[in-house]
There are 2 protein chains.
Amino acid sequence: MTTQRPALSKAEMEIARIVWDLQKATVREVLDALPEGRDIDYKTVQTFLRRLEAKGYLSSKRNGRSLVYTAKVRPNQVIHETVKDFVGRLFDGEALPLVEHLIREQGLESQDIDQLRTMLNDLEGQQSAVK
Amino acid sequence: MTTQRPALSKAEMEIARIVWDLQKATVREVLDALPEGRDIDYKTVQTFLRRLEAKGYLSSKRNGRSLVYTAKVRPNQVIHETVKDFVGRLFDGEALPLVEHLIREQGLESQDIDQLRTMLNDLEGQQSAVK
DNA sequence: CTTTAAGACTTACGACTGTATGCCATAAAA
DNA sequence: TTTTATGGCATACAGTCGTAAGTCTTAAAG
């Protein structure tokens with residue numbers, strides 16, 4: 001099922017991730033949670049949160065004079081869709097080449113590799129059970 | 001070294017990938033190489049190629065009355081940068097979580113898993129040699 | 001030769017993005 | 001109670017994106 005919310009832009013994604021992280025947050029809380037050096041105005045954050053709600057990703061609820069935003073779509077779902085779109089556009093929809101790229105070109109440490117191997121073992125167990 | 005070409009948009013990436021694939025191509029050749037059902041005008045393709053050149057990703061050379069476009073930046077480099085940016089924005093710059101996500105949530109087949117395992121083995125050999 | 005088709009080069013145009021300002025209400029501070 | 005800070009809601013505004021139409025030139029077709 002290809003749910004059709006309008007896609008998130010980069011900056012919108014940045015803000016959404018902060019809300020997900022805080023679970024619920026006001027404009028000010030998001031503003032305060034921005035990383036050092038990311039200097040944007042209160043009003044700008046406000047705009048992004050409003051747009052995120054308009055696009056269907058967040059919902060808001062009044063608390064006193066402030067709006068408290070929370071996720072409306074599960075973060076994992078959004079991540080999933082976003083990754084899928086990315087893989088589609090850059091790797092013809094094939095996950096494997098991207099995984100290979102990540103493993104060999106973006107820094108994976110030995111311990112990461114061990115962890116991956118473990119995951120692969122588990123996964124294969126499950127798969128053969130299903131097959 | 002953070003090379004600063006302006007980032008590629010989705011549609012630009014789509015066109016760039018076709019040029020990379022063909023190695024060199026005119027507007028018409030790119031147009032013809034578009035997948036079934038991707039209906040955009042000759043002029044639109046022309047615009048994208050021009051923008052890609054303006055952004056420094058392609059260069060063009062006249063051949064008769066046509067322009068032939070070729071990669072100016074190595075495709076792998078662009079892919080690398082794009083993936084890096086993506087990982088940065090969605091996974092705080094950590095490749096491992098994305099790899100995990102890909103392995104367990106986007107369809108990897110058993111044979112893919114075997115292949116991955118092999119790759120991991122090879123890679124670990126290299127790494128411990130360096131460490 | 002005149003007409004047509006294919007290209008390049010220039011310009012357009014509405015939607016979306018990133019970033020904010022303006023105005024109004026109200027709670028807190030003085 | 002007057003001033004100030006904090007918040008919401010509406011509006012702005014230049015830049016980029018996706019998509020293309022207009023104009024000029026030239027090679028090919030008649």
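What you see below is based on every heavy atom in this structure, not just the backbone, and it leaves out hydrogens, waters and symmetry mates. Note on naming: letters A, B, ... go to the chains in the order of the sequence lines (proteins, then strands), and numbering restarts at 1 for each one. These numbers come from a predicted model, not from an experiment.
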Where the side chain of [X] is concerned, which of [options] is the nearest nucleotide?
{"X": "Arg50(A)", "options": "dA12(D), dA20(C), dT19(D)", "value": "dA20(C)"}
{"X": "Lys43(B)", "options": "dT17(C), dT6(D), dA8(C)", "value": "dA8(C)"}
{"X": "Tyr42(A)", "options": "dT19(D), dC17(D), dG7(D)", "value": "dG7(D)"}
{"X": "Arg28(A)", "options": "dT19(C), dT6(D), dC9(D)", "value": "dT6(D)"}
{"X": "Ser9(B)", "options": "dT11(D), dC17(D), dG8(D)", "value": "dC17(D)"}

Taking atom [atom2] of [N] as reference, at what distance in whole Å does atom [atom1] of [X] sit?
{"X": "Asn63(B)", "N": "dA8(C)", "atom1": "CG", "atom2": "P", "value": "11 Å"}
{"X": "Glu53(A)", "N": "dA10(D)", "atom1": "CD", "atom2": "C1'", "value": "15 Å"}
{"X": "Leu49(B)", "N": "dC17(D)", "atom1": "CG", "atom2": "C1'", "value": "15 Å"}
{"X": "Leu31(A)", "N": "dA20(C)", "atom1": "CG", "atom2": "C1'", "value": "13 Å"}
{"X": "Met13(A)", "N": "dT17(C)", "atom1": "CE", "atom2": "C1'", "value": "15 Å"}
{"X": "Gln46(B)", "N": "dC24(D)", "atom1": "CD", "atom2": "C1'", "value": "13 Å"}
{"X": "Phe48(A)", "N": "dG8(D)", "atom1": "CZ", "atom2": "C1'", "value": "18 Å"}
{"X": "Arg51(A)", "N": "dA15(C)", "atom1": "CZ", "atom2": "C1'", "value": "11 Å"}

Practice item. Determine whether Asp112(B) and Val99(A) make a side-chain contact, defined as any pair of heavy atoms from C-beta on separated by less than 4.5 Å. Key: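 With C-beta onward as the side chain, the pair stays apart.
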Review point. Are Glu100(B) and Gln115(A) side-chain neighbours, meaning at least one heavy-atom pair lies under 4.5 Å?
Key: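 SC-SC contact between Glu100(B) and Gln115(A) confirmed.
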Review point. Under 4.0 Å between a side-chain N or O of Thr44(A) and OP1 or OP2 of dA20(C)?
Key: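 Checking Thr44(A) against dA20(C): at least one side-chain N or O falls below 4.0 Å of OP1 or OP2.
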Check your understanding: So, is Lys55(B) near the phosphate of dC17(D), with a side-chain N or O under 4.0 Å from OP1 or OP2?
Key ->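 Checking Lys55(B) against dC17(D): at least one side-chain N or O falls below 4.0 Å of OP1 or OP2.
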Check your understanding: Is there a donor in the side chain of Gln77(A) and an acceptor in the side chain of Glu81(A), or the other way round, less than 3.5 Å apart?
Key ->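 Looking only at side-chain atoms, Glu81(A) and Gln77(A) do form a donor-acceptor pair, the distance falling under 3.5 Å.
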Review point. Crowded around Lys24(B) NZ? As in, over 12 foreign heavy atoms under 6.0 Å?
Key: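 For Lys24(B), atom NZ is not crowded (no more than 12 foreign heavy atoms under 6.0 Å).
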Review point. Can you find a donor-acceptor N/O pair under 3.5 angstrom joining the side chain of Arg65(B) to the base of dA6(C)?
Key: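 Yes, the side chain and the base share a sub-3.5 Å donor-acceptor pair.
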Check your understanding: Of Thr26(B) and Ala11(A), whose nearest nucleotide on DNA chain C comes first from the 5' end?
Key ->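 Counting from the 5' end, the first nearest nucleotide belongs to Thr26(B).
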Point to revise | Earlier contact from the 5' end, DNA chain C, for Ile40(A) and Leu8(A) | key: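 Nearest nucleotide further toward 5': that of Leu8(A).
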